Amino acid sequence: MVQNELRWSDQSAQFKPSHYDIILAFIIERVNRMKNQNGSCLLLKRLNQIRVLRNFSNFGIGFIFPLCLTLCFLTPNLIFSQTWSDPVIISKPASNSCSDFIIDKYKLMHCVWQIVLSPTHKQIFYSKSENLGETWTDPVPITNNPALRTDNPQIVADTSGNLYVCYEYDCILSMKICYVKLNYGDTIWSQPIEIGHGLSPRMVVDKNNRVYFFWSTGIEKYRYIEDGLLSDIFTMCSGPVTGCLLDDIAVDQQNTLHCIGTQFIENDGQGAWFTYDDNNWTPYVALSEKTFWESAISLNSIGEPSFVWRQSVSKDFTLTATYFSECKNDTIQPSVLLGQKTTYPEIALDYTDKPHVVECQQTDSNYQLVHRHRTSQGWLSQVVEENKIWYIQNNLISLDNSLFWVYNRADTIINPLTGTYYALVLFRKLELQPGLIENSMNEQLRVFPNPFSERLTIEFLEPGNDKCILS
């Protein structure tokens, strides 16, 4: 706990230019100490509010100063808008799409995606970063199929650092689900291993190092690798559910799998959350009355899930929107509309358990990459990037005090061989500096006495235990 004490000897306690200068100097010093570069516009708005308060000078400094401090400290996220890094290019110029990435236990980043080589030929490529995304290795193919299509790659790392990449192969005809493996420390990927037939593969590694593979045949199927052995094929559905389509999976500290997707009862689809623990699937919990187009899940520090999804909001399915919900004390909270004309929402909780959502949003003239985060005043949105074509396949990971974002951005150039747009796989990073994450007023700041005449004490939480006195 740090106490900053500001003292004046002015017994009349009337507002004077010197008081005004001290107030502004104090706030500006606070901004500089935070060393954030993107808050100048919002800060200027706050300072203009303070200037307006000069009209109330007859109330005295005892009124004006605590009010100014409230403007500065009560909503720091409004003042200190945080800055995403410039994009780093992972892929080579080509028709890249369907990217996925992870961070392993050694804090190495691994990214996979598919490249369209011809209308009937695709390959999976891989790149890694050893410095948290600042630079990436040259992309290399890891499937080496001389023909046919490999689609929708997914990547995971087990507790030993071994990598698994699962994907669709020959998705037009045989619809095989295959995987390749790279052992930790090796440079050569294994030959493809077939595990089933279907579409939309998903993967997750639990706390016991069991590697799960999921895929859809109309009904969700799965199997796993444990102690080097591949299990039988199992079915997820139970009760009245006749089918399901899985979008995302997360694992909590008790080794429970939390899944989000769409359940189908006869011909009706509903967005749902369901869990898997000790070889048993729980009943589906409906999150929406409509089918999910895309959805994602993230867990907080005590294993409670937060959800984000996209669904149709018009009868003709031409307008879609993104919604957020969460489970608190075993109760699903009412959903919140985040945006319309959106695609590919992704969610991650930061180190304070606050949700962040990234997605693509269409406007009348272009497409935008949007970052949204929740505060006590509601959800705030920031346009990170704009493009005339499209963005696809967002991937968002929270680690320590940073967010890491991989996405695809289409170029205006058409690939003459495939008739598709060139698209890049890109990486961005956001450092959530300590002190800039919003807390409640009671946790962050206490001003007393209020009003005051000669002496004011500002008490707030800061790293360290030094006592600072400004006189």
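Given the structure is predicted, the values throughout are model-derived calculations rather than measurements.
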Verify the distance criterion only: is there a donor paired with an acceptor across the side chains of Q393 and N408 at less than 3.5 Å?
no

The test is ring-ring contact (aromatic ring centres under 6.0 Å, His included); show your working for Y367 and Y391 and say whether it passes.
CA-CA 7 Å; Y367 294 84; Y391 297 97; 7.6 Å; no

Flag side-chain contact, heavy atom, 4.5 Å: D247 against W309:
no

CG (D330) with more than 12 external heavy atoms under 6.0 Å:
no

Going by the rule salt bridge (charged side-chain N to carboxylate O under 4.0 Å, His left out), which residues pair with K290 if we only count those two or more places apart in sequence or in a different chain?
none

Check: T159/N209 side-chain N/O donor and acceptor closer than 3.5 Å:
yes

List in chain and number order the residues that pass salt bridge (charged side-chain N to carboxylate O under 4.0 Å, His left out) with R223, two or more places apart in sequence or in another chain; answer none if no residue qualifies.
none

Evaluate whether atom NZ of K328 has more than 12 neighbouring non-hydrogen atoms of other residues, nucleotides or ligands under 6.0 angstrom away.
yes

Pairs where residues 188-210 contributes a residue and the test salt bridge (Lys or Arg N to Asp or Glu O under 4.0 Å) is met, not counting sequence neighbours
K176-E194, R210-E226

Close aromatic pair by centroid cut-off 6.0 Å: F101 and W113
no

Which label fits Y179 and Y164: parallel for a plane angle under 30°, tilted from 30 to 60°, or perpendicular past 60°?
tilted

E431 and S402 side chains, donor-acceptor separation under 3.5 Å
no

Ring center gap for Y222 and W215 short of 6.0 angstrom:
no

So that I can tick it off, tell me whether E134 and K429 are bridged by a salt bridge, with the cut-off set at under 4.0 angstrom between side-chain N and carboxylate O.
no

Listed partners of Y407 passing ring pair (Phe, Tyr, Trp, His ring centres under 6.0 Å), at least two apart:
W405

Results of salt bridge (charged side-chain N to carboxylate O under 4.0 Å, His left out) for D151 - residues two or more places apart only:
K122, R149

Mind telling me whether H110 and Y126 have parallel, tilted or perpendicular rings, with 30° and 60° as the class edges?
parallel

Donor-acceptor list for residues 342-349 side chains, cut-off 3.5 Å, not counting sequence neighbours:
{"residue": "T342", "atom": "OG1", "partner": "T322", "partner atom": "N", "Å": "3.4"}
{"residue": "T342", "atom": "OG1", "partner": "T322", "partner atom": "OG1", "Å": "2.6"}

Pair T275, T282: side-chain N/O donor-acceptor within cut-off below 3.5 Å
yes

Ring centroid separation Y284 to W273 under 6.0 Å:
no

What I'd like to find out is whether the side chain of Q361 reaches to under 4.5 Å of the side chain of R372, using heavy atoms alone.
yes

Can you tell which of H371, R409, Q368 makes a side chain to side chain donor-acceptor pair (under 3.5 Å) with E385?
R409

Ring centroid separation for Y276 and W281, is it under 6.0 angstrom?
yes

Any luck finding a side-chain donor-acceptor pair between S398 and D350 under 3.5 Å?
no

Determine yes or no for a side-chain-to-main-chain donor-acceptor pair under 3.5 angstrom, with S231 supplying the side chain and Y224 the backbone.
yes

